[in-house]
Amino acid sequence: MKTVLVIAAHPDDEVLGCGGTIARLTAEGAQVHIVILANGLTSRSDFDAAMGDAALRLHHDRAEHAGKILGAASVRVLGFPDQKMDTVPILDITQAIEREIDSLQPTTVFTQHGGDLNADHVITYRATLTATRPMAGRSVQRVYAYEVASSTEWAFQSFAPHFHPCLFFDIAGTLEKKITAMQVYESETRAFPHPRSPEALRAIALRWGSAVGVHAAEAFELVREIR
Ligand SMILES: [Zn+2]
């Protein structure tokens, strides 16, 4: 895994889904690039339109700060409409991802899970699958889907595909970096028992870790791997 691309719908999904794994891979020498599709802010009830670009810039700065904590090589926020990605032709989203793949040539892609409650996550999954379709000469050899606390489990398995992880990264050494990176998005963190609270994020990591015999883990679905 020399060059890795993490695709997220919103700023914070990359941390919730694979923050510990990003920190581990970068510590092991991988170049991890993060692309966030939506601006993550304009749908919020407390978004002040008068603040406009300044508020968005602040949020983008947070994404870069979180990426820096995890050791990411780059963070880009593309600015699709938050919680309204269904108002954009999926072709536009797919082509935006294709441009990132063309320029970065990643071998590994992490993306959202396609059965989440959040519609932007589902669109991100579909667009990623299209953008990474395995044609001759393409760089992408493996695609993994990550879960996001308060979206994957809140679908209550009502939408296919269901989250059935079969790939686990041991993040015992980087779990606290994930928690620290998540705290950069202070507006997105919540008090326990919310799934995004530090306590719940630790509990999720410990639960997956115990399932596979390590102290903490992040869980992924294997979408596709070519060897
Ligand atoms: Zn999200």
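No experiment lies behind these values; they were computed from the predicted model shown. We count ligands from 1, going down the list as the structure has it; atoms in each ligand are counted the same way.
Annotation: side chain to side chain donor-acceptor pair (under 3.5 Å) contacts involving residues 61-74, sequence neighbours excluded, comprise H33-S74. The stretch residues 148-175 participates, sequence neighbours left out, in no salt bridge (Lys or Arg N to Asp or Glu O under 4.0 Å) pair at all.
Counting only N and O atoms by type, the side chains of E218 and Y146 include no donor and acceptor under 3.5 Å apart.
Contacts of R138 classified as side chain to side chain donor-acceptor pair (under 3.5 Å), with partners at least two apart in sequence or in another chain: none.
Screening T108, V6, V223 against Y144 for a side-chain contact (heavy atoms from CB on, under 4.5 Å) leaves a single residue, T108.
Ordered by chain and number, H10 ND1, D13 OD1, D13 OD2, H121 NE2 make up the set of protein N, O or S atoms under 2.8 Å of the Zn ion (ligand 1).
Salt bridge annotation for E225-R227: present, with a cationic side-chain nitrogen under 4.0 angstrom from a carboxylate oxygen.
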